[in-house]
Protein chains: 2
Amino acid sequence: MNIGLIAKNSGLPAKTIRYYEEIGLVIPARKENGYRNYSETDGIKLHFLQRARSLNFSIEDCRKLLCLYEDKARASADVKTVAKTHLQTIEQKISELLTMKETLTKLVASCHGDTDPDCTILDSLSGMLK
Amino acid sequence: MNIGLIAKNSGLPAKTIRYYEEIGLVIPARKENGYRNYSETDGIKLHFLQRARSLNFSIEDCRKLLCLYEDKARASADVKTVAKTHLQTIEQKISELLTMKETLTKLVASCHGDTDPDCTILDSLSGMLK
DNA sequence: TGTTGACCTTCCTGCTACTGGATAGTTTAA
DNA sequence: TTAAACTATCCAGTAGCAGGAAGGTCAACA
């Protein structure tokens, strides 16, 4: 399969697929004309990557997960550990963003937002307020 | 004030402060020996940046906000617009992360996490499930 | 006075995960 | 035959810094 078709099937841009090859994630065979020739297995791996990345797993996490996927003697506990750690990271980010949201919401609510230069948002950022 | 002191006062690493100078955010005077010489005003601006960045405003947003801060004839509506847009971005991110969290939580819960190779997480990522 | 150590300087590289663009070769359909 | 559509490689840029090398400066202490 050419890269264009595999791109459509996996939901990843061709550029990204070439990048994944460059960093050693999925390395396809080549045709005589130099074109990449993706197998069914390659397609599954790329789709796997697309899903994992859409869950925000880092590339390095993806690499680990892909290794585990290919290792038929893996322990599911190893996979679960990667996923749990990532889940914690996400929860951490959510909580940080919620804190920011709260602060920003207050700031936005407190600012008149008219033609007047007085602005509680700027006052707060500059340290004039609390 | 030397960069070390201003770093301590503003809560920003010296590296970051030099970077902010490089991109034209806060440009200090120089002493005869070539050392950066930060004024009180510079210190306020850097602290301003530290707070804005901690709320995840992008550097370009910070640039706008700093301009508005210095423009004593600004309309507070302009500031509010920047903040509201940013707030929406944050809310968007939160909602994306919440979706991921939900999916991941289910996956983690469904995986036995033992020495067995059967793993619903990998099955799901590879497309075997759903 | 010499020296040590804590500062400061510039410059260059690297990080994440791609994306865009230039230039050129190949294949396919009209 | 020719033009469109696809493919290839390579180089540069994005955000927001951080790390490190190589070297200059300053204040204190013996």
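Every chain is numbered from 1 and lettered A, B, ... according to where its sequence line falls, protein lines coming before strand lines. Predicted model, so just to flag it, every value in this text is computed and none were measured. Only heavy atoms go into these numbers, but all of them, side chains included; no hydrogens, no water, no symmetry mates.
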For atom CD of B/E22 and atom P of D/dA18, their distance in whole Å: 13 Å
Closest approach of A/V108 to B/K80 (non-hydrogen atoms, all atoms of both residues): O-CE, 3.1 Å
Pairwise N/O distances under 3.5 Å, protein to nucleotides 20-22 of chain D:
unit_1	atom_1	unit_2	atom_2	d
D/dG20	O6	B/K15	NZ	2.3

With no hydrogens and no angle check, do the side chains of A/D42 and A/S39 hold a donor and an acceptor under 3.5 Å apart? yes
May I ask you to check whether A/Q92 and A/Q88 show a side-chain donor-acceptor distance below 3.5 Å? no
Spatial distance of atom CG (A/L87) from atom CD (B/E102) [nearest 0.5 Å]: 11.5 Å
Closer than 4.0 Å, any side-chain N/O of B/T16 to the OP1 or OP2 of D/dG16? no
Mapping B/Y35 and A/G4 to their closest nucleotides on DNA chain D, which lands nearer the 5' end? A/G4
What verdict does the side chain to side chain contact (heavy atoms under 4.5 Å, CB included) test give for B/L49 and B/T16, after you've listed the backbone C-alpha separation in whole Å, the side-chain angles of each residue and the deciding distance to 0.1 Å? CA-CA 11 Å; B/L49 288 170; B/T16 301; over 6 Å; no
Nucleotides bounding contact with chain B, strand DNA chain C, heavy-atom threshold 4.0 Å: C/dC7 to C/dT10
Establish, with yes or no, whether the OP1 or OP2 oxygen of D/dT9 is under 4.0 angstrom from a side-chain nitrogen or oxygen of A/R18. no
Would you indicate what B/Y20 reaches in the nucleic acid, counting non-hydrogen atoms under 4.0 angstrom: base, sugar-phosphate, or nothing? sugar-phosphate
Sugar-phosphate, base or nothing in reach of B/I3, heavy atoms under 4.0 Å: sugar-phosphate
